[in-house]
Amino acid sequence: MPIHNADIAARFEEIADLLEIQGENPFRIRAYRNGARTLSDLTLDMAELLERDKGIPHLPGIGKDLAAKIKEIVDTGTCAKLEELRKAVPAGVPALLKVPGLGPKRVKLLMAALDIRSPAQLQRAAREGLVREIPGFGELTERHIREALEAQLGQVKRLTLAHASQYAEALVDYLRQLPEVKQAVAAGSYRRAKETVGDLDLLVTTSDPQGVMSAFVAYDEVQKVLSQGETRATVILASGLQVDLRVVPEESFGAALQYFTGSKAHNIAIRRLGQRRGLKINEYGVFKRTRRVAGDSEQSVYAAVGLPYVEPELREDRGEIEAAREGHLPHLITLEDLKGDLHSHSKATDGRNTLMEMAETAREQGLTYLAVTEHSRRLAVTKGFDPARLARQGEEIDRLNTELKDITLLKGIEVDILEDGRLDLPDSTLSSLDLVVGAVHSHLALSRKKQTERLLRAMDHPYFSILAHPTGRLIGEREPCEIDMERVIRAARERGCFLELNAHPERLDLNDIYCKMAKSECVLVSIASDAHSVIDFANLRFAVGQARRGWLEAADVLNTRNLAQLRLLLRATR
DNA sequence: GCCGTTTTCGGCCCGACTGTTTTCAGTCG
């Protein structure tokens, strides 16, 4: 079993949980969690580095001790420290930390007083009314534990960004129409355009906090109010989504928005910068002793610690603070930078609309070209194209292009990459097209070596232009294929072809980390809708969000070029 | 356990809400 960075990160999280239950130094615990986060954000594969005898490079939050543990975990699958901790704490106990309202202190109390060793035992004890008898617990706490354990069975997964946007936009609209509300925005991971959102964080400024709070908990989708104070409330919607609302005075809007946008790691780093300058930063502003020196706007908060404004999508403590300090922040791509779309389908295969309808909608969205890329014959369920049908569509595209104004249809194909890396259509067919988008739709479970070589062979093909949804993942449904993305990206650079960032809300593939990696290797990314109907062009904004999280600028994206420039770049791949 | 533009030792972000207590600990974000 190969050990991936995610596996090492999981071991570190487990160590942190176990140390927490033992009541260890909280900063030591945080060190393990920071190490875990660094590893899961990393593109370098630790196991591979060690295999090639490269040693572990200097990484933020990974010191001598954690580096040694990484090596030990890669070599043995575990580490002595973890095994020692596992022996000291019963196996079901870490799961108790996941129960809302239970932290390490209460878990310890439960173990000591009632010998609770698993969520099941806790559920029984809570039903029998034993929990309330423990000093520090009470009837209400017991009820909350019982309800939380029962609810956990049907626990909601994280929503895709697109799904969350439906709830967020409706709620923000609701709050904005309240007369006492000055500003209302969604902050948190939603504002950072993270691909999935666990809960919504809303921020409101008002002169009447009480009124806003009452209106918020009265929103008709609210099923349960978890907490409600003067400036903060937490509710659960009927859909199961948790929503936190924070209310601050108008002059604190910037500081509060900065704080509630996160990420947590980014905020900690910013506050530490503040500390060094003798400043205290909280959601109400930036303070020098008791004097408020900034906080009206986010810009003012960053300026107070000597930094330029940092875009929300960059705020993950992945190097943005250093880049800001050195004046190297990227000028991030925007939706308006996209000049065209290089992946779409029509009724001819598994799409819903005609070519004309697709073209006109794309044009309405400000696009000036649209590549038609139907599936190839191998994907029979989609009525994929054989050479003859593809040729006939080519004639139709020629005819439409004489009728269409301000937009050009390009002839393409989403050709299946077969198990051995060959393409599903002959060269004579592919050579007649403007671009060839290659995609894997079968044999997703090949070994890392085979899957990687399959992609490399496909990309080596003389007419190959763009690798579509490179990892094949479906968020929350299907894990990415095992691929050595570092090799794929390097191969794309050498070959001169491109990688796609697919805008389908469940794909968003490439992800942010791989986008950044492609950028560092100077491989252009195609931000593509993969539209199967006219409404799918709207998904482009989520892909742009992902691209921004991956530090991409307009120049890093293939389809920010105008048609003439694009044709040159596509021709150069051949 | 990590880290250093005051530091290689002694710090490590900061505040709101709840429940149980009678002034605050625990948890959460």
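Numbers restart at 1 for each chain; the letters A, B, ... are given by sequence-line order, proteins then strands. Just so it is clear, the values below take in all heavy atoms, side chains as well, and ignore hydrogens, waters and symmetry mates.
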Using atom [atom1] of each nucleotide, how far apart are [N] and [M] to the nearest Å?
N: dC13(B); M: dG29(B); atom1: C1'; result: 12 Å
N: dC17(B); M: dG11(B); atom1: C1'; result: 28 Å
N: dC12(B); M: dT6(B); atom1: P; result: 16 Å
N: dT8(B); M: dC3(B); atom1: C1'; result: 9 Å
N: dT27(B); M: dT20(B); atom1: P; result: 13 Å

Using a 4.0 Å heavy-atom cut-off, does [X] contact any base of the nucleic acid, only the sugar-phosphate backbone, or nothing at all?
X: Leu102(A); value: sugar-phosphate
X: Lys280(A); value: sugar-phosphate
X: Lys69(A); value: sugar-phosphate
X: Ile281(A); value: sugar-phosphate
X: Tyr259(A); value: base
X: Gly274(A); value: nothing
X: Arg30(A); value: base
X: Asp201(A); value: sugar-phosphate
X: Asn267(A); value: nothing
X: Glu139(A); value: sugar-phosphate
X: Pro104(A); value: sugar-phosphate
X: Arg28(A); value: base

Item to check | 5′-ward residue of the pair Gly138(A)/Leu66(A) relative to DNA chain B | outcome: Leu66(A)

Item to check | Most 5' of Phe27(A) and Pro60(A) on DNA chain B, judged by nearest nucleotide | outcome: Pro60(A)

Checklist entry - What do the steps show when you test Glu521(A) against Lys516(A) for salt bridge (Lys or Arg N to Asp or Glu O under 4.0 Å), and what is the final call? => result CA-CA 9 Å; Glu521(A) 294 286 339; Lys516(A) 202 173 175 187; over 6 Å; no

Item to check | Qualifying residues under ring-ring contact (aromatic ring centres under 6.0 Å, His included), relative to Tyr259(A), sequence neighbours excluded | outcome: none

Checklist entry - What are the residues of residues 223-234 of chain A, sorted by number, that bring a heavy atom to within less than 4.0 Å of DNA chain B? => result Ser227(A), Gln228(A), Gly229(A), Glu230(A), Thr231(A), Arg232(A)

Checklist entry - Heavy-atom contacts under 4.0 Å between residues 82-92 of chain A and DNA chain B, which residues? => result none

Any salt bridge linking [X] with [Y]? Criterion: basic side-chain nitrogen under 4.0 Å from a carboxylate oxygen.
X: Lys519(A); Y: Glu553(A); answer: yes
X: Arg549(A); Y: Glu313(A); answer: no
X: Asp17(A); Y: Lys98(A); answer: yes

Item to check | Arg318(A) vs Ile513(A), side chain to side chain contact (heavy atoms under 4.5 Å, CB included): CA-CA, chis, key distance, verdict | outcome: CA-CA 10 Å; Arg318(A) 288 181 187 159; Ile513(A) 306 257; 3.9 Å; yes

Item to check | Test log, rule salt bridge (Lys or Arg N to Asp or Glu O under 4.0 Å), inputs Arg52(A) and Glu48(A) | outcome: CA-CA 6 Å; Arg52(A) 283 192 259 146; Glu48(A) 218 171 86; 3.2 Å; yes

Item to check | Audit row: Val243(A), Thr234(A), side chain to side chain contact (heavy atoms under 4.5 Å, CB included) steps and yes/no | outcome: CA-CA 6 Å; Val243(A) 185; Thr234(A) 300; over 6 Å; no

Checklist entry - Using 30° and 60° as the class limits, which term best fits the ring planes of Tyr302(A) and His266(A): parallel, tilted or perpendicular? => result tilted

Checklist entry - Is dT8(B) paired to anything, Watson-Crick or G-U wobble with both distances less than 3.5 Å, and if yes, which nucleotide? => result none

Checklist entry - side-chain contact (heavy atoms from CB on, under 4.5 Å) with Asp337(A): which residues, sequence neighbours excluded? => result Ile333(A), Thr334(A), Ala554(A), Thr560(A)

Checklist entry - On DNA chain B, which is the earliest and which the latest nucleotide, 5' to 3', with an atom closer than 4.0 Å to a heavy atom of chain A? => result dG1(B) to dG29(B)

Next on the checklist: For Ser297(A) and Gln258(A): C-alpha separation, side-chain torsions, deciding distance, then whether side chain to side chain contact (heavy atoms under 4.5 Å, CB included) applies.
Outcome noted: CA-CA 8 Å; Ser297(A) 67; Gln258(A) 197 282 328; over 6 Å; no

Can you give the donor-acceptor pairs under 3.5 Å from side chains of residues 280-287 of chain A to other protein atoms, not counting sequence neighbours?
from: Asn282(A); atom 1: OD1; to: Tyr284(A); atom 2: N; distance (Å): 2.8
from: Asn282(A); atom 1: OD1; to: Gly285(A); atom 2: N; distance (Å): 3.2
from: Glu283(A); atom 1: OE2; to: Arg246(A); atom 2: NH2; distance (Å): 3.2

Checklist entry - Step by step, would you call Ser207(A) with Glu250(A) a side chain to side chain contact (heavy atoms under 4.5 Å, CB included)? => result CA-CA 8 Å; Ser207(A) 48; Glu250(A) 226 178 332; over 6 Å; no

